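These numbers were taken from a predicted model, which means no experiment stands behind them.
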Amino acid sequence: MPKLTGLEVLKKVRKNPSSSHQKVLMLTAKGQAQDKQDMLDSGADSNLIKPFNPMELIDTVRDLLKDKIS
């Protein structure tokens with residue numbers, strides 16, 4: 001992303017009252033344990049490391065939506 005990192009965008013989403021409740025799935029090439037922890041600490045609900053299996057994406061989104069409905 002040219003001007004902001006994904007973490008910066010995530011932090012803005014979480015600070016904005018109109019979007020703070022939305023589920024956030026981070027799709028990233030950063031696969032280190034610390035990167036994942038930084039995303040979760042910043043408010044991500046889940047993350048997938050690129051390249052990812054399309055079925056893994058579907059399952060993750062399904063789980064996030066199930067949590068939102070519950």
Side-chain angles (χ1 to χ4, degrees):
M1 295 177 27
K3 298 198 182 214
L4 296 174
T5 68
L7 284 178
E8 291 169 332
V9 171
L10 175 59
K11 289 175 185 177
K12 288 180 179 282
V13 166
R14 290 299 182 223
K15 285 183 182 178
N16 184 332
S18 67
S19 63
S20 63
H21 64 285
Q22 298 296 320
K23 295 289 185 173
V24 176
L25 169 60
M26 303 287 286
L27 304 177
T28 181
K30 296 185 173 191
Q32 300 296 318
Q34 186 60 52
D35 296 321
K36 181 174 184 171
Q37 191 59 52
D38 290 345
M39 286 180 253
L40 295 174
D41 290 346
S42 295
D45 294 292
S46 188
N47 73 324
L48 291 176
I49 308 302
K50 298 176 192 175
F52 50 84
N53 179 308
M55 288 308 298
E56 184 180 14
L57 174 61
I58 290 169
D59 290 342
T60 302
V61 170
R62 185 175 291 132
D63 289 344
L64 289 173
L65 291 175
K66 184 178 3 171
D67 288 346
K68 187 173 177 98
I69 294 170
S70 299

Asker: Once you round to the nearest 0.5 Å, how far does OG of Ser42 lie from CG of Leu7?
Answerer: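 Ser42 atom OG to Leu7 atom CG measures 4.5 Å (nearest 0.5 Å).
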Asker: Measure from the side-chain N and O atoms of Ser19 to the backbone N and O of Val13, and report whether any donor-acceptor pair falls under 3.5 Å.
Answerer: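 Flag set: sc Ser19 to bb Val13 pair under 3.5 Å.
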Asker: Under a 4.0 Å threshold between the charged nitrogen and the carboxylate oxygen, would Arg14 count as salt-bridged to Asp45?
Answerer: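 Yes.
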Asker: Which pair of heavy atoms, one from Lys30 and one from Met39, lies closest together, and at what distance?
Answerer: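 Minimum heavy-atom contact is O-CE, 4.1 Å.
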Asker: Kindly compute the distance separating CD (Glu56) from CG (Asp59), expressed to the nearest 0.5 Å.
Answerer: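 One gets 8.0 Å once the value is rounded to the nearest 0.5 Å.
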Asker: If you define the side chain from C-beta out and look only at heavy atoms, does anything of Leu48 sit under 4.5 Å from Thr60?
Answerer: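 A side-chain contact under 4.5 Å exists here.
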Asker: Please check this pair: side chain of Glu8 against backbone of Thr5, looking for a donor-acceptor N/O pair closer than 3.5 Å.
Answerer: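 Checking the backbone N and O of Thr5 against the side chain of Glu8, a donor-acceptor pair under 3.5 Å is found.
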Asker: To the nearest 0.5 Å, what is the distance between CE (Met55) and CG (Leu57)?
Answerer: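 Answer for the CE-CG pair, Met55 versus Leu57, is 9.5 Å.
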Asker: When Met26 is tested against each of Asn47, Val9, Ile49, Leu40 for side chain to side chain contact (heavy atoms under 4.5 Å, CB included), which residue passes?
Answerer: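 Passing option: Asn47.
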Asker: Could you state the interatomic distance from CD (Gln22) to CG (Leu64), rounded to the nearest 0.5 Å?
Answerer: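 CG of Leu64 is found 11.5 Å from CD of Gln22.
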